[in-house]
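Encoded as structure tokens, the structure appears first; notes follow it.
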Amino acid sequence: MPIVEVAISVPLHKTFDYQCDQEVAVGARVKVPFGAKKVIGIALANKDKSNFNKLKSVEMVLDETAILDKPILDFLFWAAKYYHHPIGEVLLAAMPKNLRIGKPAIIKKMIGLPVKTSKPDFEITQEQSLAIDTILEKRDTYHGFLLHGVTGSGKTEVYLRITQEVLNQGKQVLVLVPEIGLTPQMISRFERRLKTRVVAIHSQLNETQKLDAYLMAKNTEAGVVLGTRSAIFAPMPNLGLIIIDEEHDGSFKQQSSFRYSARDLSFIRAKQTNIPLILGTATPALETLKNAMDNKLTRLTLANRAGGVMMPKVSLIDMRSNSENGHSALSKLLIEKMQQHLSKGKQVMLFINRRGYAPVFFCTECAWKSECSHCNASMIYHRHVNRLKCHHCGDEKMPEQSCPDCGEQSLEVYGYGTERLEETLSSYFSEMPIIRIDRDTTRRKKALAEHLEKINSGEPCIIVGTQMLAKGHDFSNLAMVGILDVDGGFLSTNFRATEYLAQLLIQVSGRAGRTGDQGEVVIQTRYPDHPMFHYVLSNRYTQFASGLLKQRKSAMMPPFSHQALLCANAKNKQNSEDFLREVAGLLKSVNMDGVEIWGPVTNSIEKKADYYYFNLYLQSHDRAALHRMLATFNQHVDTIKLKNKVRWYLDVDPID
Ligand code: ADP
Ligand code: ZN
Ligand code: ZN
């Protein structure tokens, strides 16, 4: 009987052979017995011989033709190898859940074509036109571009025009954006302009919608696929262009199980498909800047905002002298400036990167502080529910009435989160609508869309938001942005912290004054002399980033070297550390050629949800050497006995 080789979603670096009474299309799904269960797998090859005896039989062949066709399979094989992740897990993770669980590959509801498209009422600028022409010259080959345009410079307009040309050739375009919140806005911009089906792929769709979008991409009914990171795996047989918008954004990296970077993988997909790739941003990642310096990307610059709009005026407020009681969130000066803009009928946004009411609940008598009993982290007070919540493990409890240590009734909150900021603002601006956007106010599906709709109506209001609001949004009546409490970024131990902070400040600032009069940005800080501000104030990101690149080069840090992280965690602290010690021993015994090993060291948050986390870092200036070591590690890791349920994972090119 013929034999099929099947990939199954298990954490093992191998595939499995089954007997089958028919040939199966490579890339089709099969249902097979595995242990005591029946699972869905992907057929990888038909063969006549197996190295194993007593093969079980395929129970059912689910697809007549491939779900994962050859180009996608090649791409996923590449990804599995690069991230040293089990192939079965990679293949199945790349499909929507309904296919993973064996549902038929049938479109339930075809989405319609856009009803009405319109042309823009402006001429493109010379910079835009140059970028468009340069990219289109390479439309039939692999070529990477960095579209480096300041916020509001009309990058999206460039994407739209190039996309139209690529569609005219009968090809498809894949657009990745960082946040779910940005997809509706992007979708409507694409739908308004392009006479093609635009489908979305992101986590807020239901499973039927996800499957439909996937299948419309696969059967080429969709001309444009627009999605968050997992859309990089969308099957698109006529793919002609990939666009990664806000390429610097950390959300392109998946931070659990299969830890891929959709941005990095886009290079491979474009190369394998032989098509152009555009990475667009106002604040390129240092990796991307280095790629441009090394001529792996052609850099195209949009130095000015479109339509003659000026960049916002950025200023600092020194919180050492301007906060009345030492820890008030809002300086008088900031309130005054807000008043000025609001009285002119404009909108103002305050950015604070912490949700909840207050980050500290403590005793004024003995300095006791509420901490999560499962994590090394403070409990955050949430006032509307009167609960203390841990943002790491989700644990919550009622706040104590009196101090558990000294018994005094002297418990107070300290610091500000979005909820408290909203409350404080309503005391200053009682008449003004306040729209708070954070994970707590957008948990309900559609809630974010409703908030954004209110903002887009243009009515004067105050917007309070976290990271969710930092990027991409185009609010036309927003005149002023206030940035509170970013100083934590200066104290972080992550070597990327200042890079991220500069990107964040510039992105948040970029929301201000995108049409009409010059916008204003005010940053409150206790470190006004920090050299980073020197660049942020004058909007010279590139100079700042070049300085950071020099530092990274002399320290041989990424992107001048390559890293991998092995993270172990266990309920027993010693077991977790011991495991990594053994791993370090194993790694040191293999041929080391130029790979440095550090650790094990405790994670910056040592305990999370009762598990103790330790990290082992591998670094090399030679990527190939690092990957040889990781491959050897995977072959031998089974020789290390896992004591008492130590869990571990490997993260290639970690970012945190
Ligand atoms: P970015 O993506 O670079 O932040 P957008 O593409 O959102 O910028 O453009 C900002 C605004 O400028 C949008 O409202 C857009 O319609 C408008 N715009 C784009 N190109 C031009 C142009 N050449 N002339 C006038 N307005 C433009
Ligand atoms: Zn006390
Ligand atoms: Zn916790």
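Sequence positions, counted from 1, serve as the residue numbers for this chain. Atoms within a ligand are numbered from 1 in the order they appear, just like the ligands themselves.
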Q | Per-atom contacts of ligand 1 with T125, taking only distances under 4.0 Å to non-hydrogen atoms | A | 23 (N)

Q) Does the distance from a Lys or Arg side-chain N to an Asp or Glu carboxylate O, for R436 and D438, drop under 4.0 Å? A) yes

Q: Check whether any N or O atom of T151, backbone or side chain, sits under 3.5 Å from an N or O atom of ligand 1, and answer yes or no.
A: no

Q. Is the closest basic N to carboxylate O distance between E419 and R383 below 4.0 Å?
A. no

Q.
I'd like to know whether H148 forms a side-chain hydrogen bond (donor to acceptor under 3.5 Å, both in side chains) with T281, so could you lay out the CA-CA distance, the side-chain angles of the two residues, the decisive distance to 0.1 Å, and finally the verdict.
A. CA-CA 5 Å; H148 185 182; T281 178; over 6 Å; no

Q) Does the distance from a Lys or Arg side-chain N to an Asp or Glu carboxylate O, for E157 and R161, drop under 4.0 Å? A) yes

Q. When you measure from atom 15 (C) of ligand 1 to each heavy atom in E246, R514, E157, R189, which option holds the nearest one?
A. R189

Q. If hydrogens are left out, which of G510, P120, G152, G307 has an atom nearest to atom 4 (O) of ligand 1, that is, the closest non-hydrogen atom?
A. G152

Q.
Which of the numbered atoms in ligand 1 are under 4.0 angstrom from any heavy atom belonging to D474?
A. 7 (O), 13 (C), 14 (O)

Q) Is H391 close enough to the Zn ion (ligand 3) to have an N, O or S atom under 2.8 Å? A) no

Q.
D249 vs S251, test: side-chain hydrogen bond (donor to acceptor under 3.5 Å, both in side chains). Steps then yes/no.
A. CA-CA 6 Å; D249 198 276; S251 72; 2.8 Å; yes

Q: Before accepting this row, confirm whether a basic side-chain N of the pair K337/E520 lies closer than 4.0 Å to the acidic partner's carboxylate O.
A: yes

Q: Answer with yes or no whether the side chains of T283 and Q507 bring together a donor and an acceptor at under 3.5 Å.
A: yes

Q: Kindly report the SG-the Zn ion (ligand 2)-SG angle for C366 and C406 respectively, rounded to 10°.
A: 110°

Q) Using 4.0 Å as the upper bound for N to carboxylate O, is an ion pair formed by E165 and K171? A) no

**Q.** Sub-4.0 Å atoms of ligand 1 with respect to non-hydrogen atoms of A306
**A.** 12 (O), 18 (N), 19 (C), 20 (N), 21 (C), 22 (C), 26 (N), 27 (C)

Q: Report, rounded to 10°, the angle at the Zn ion (ligand 3) between the two atoms SG (C372) and SG (C390).
A: 110°

Q: Examine all N, O or S atoms of C393, backbone included, and report whether one is under 2.8 Å from the Zn ion (ligand 3).
A: yes

Q. Thinking salt bridges, do D440 and R355 make one under a 4.0 Å N-O criterion?
A. yes

Q. Which atoms of ligand 1 are found less than 4.0 Å from any heavy atom of G154?
A. 1 (P), 3 (O), 5 (P), 6 (O), 8 (O), 9 (O), 19 (C)

Q: Tell me, please, if C375 has any N/O/S atom, main chain or side chain, under 2.8 Å from the Zn ion (ligand 3)?
A: yes

**Q.** ligand 1 atoms in contact with I124 (distance to a heavy atom under 4.0 Å)
**A.** 23 (N)

Q) So F544 and Y535, would you call those rings parallel, tilted or perpendicular, with 30° and 60° as cut-offs? A) tilted

**Q.** Contacting atoms of ligand 1, where contact means under 4.0 angstrom from a heavy atom of E123
**A.** 22 (C), 23 (N), 24 (N)

Q. Any heavy atom of G149 sitting closer than 4.0 Å to ligand 1?
A. no

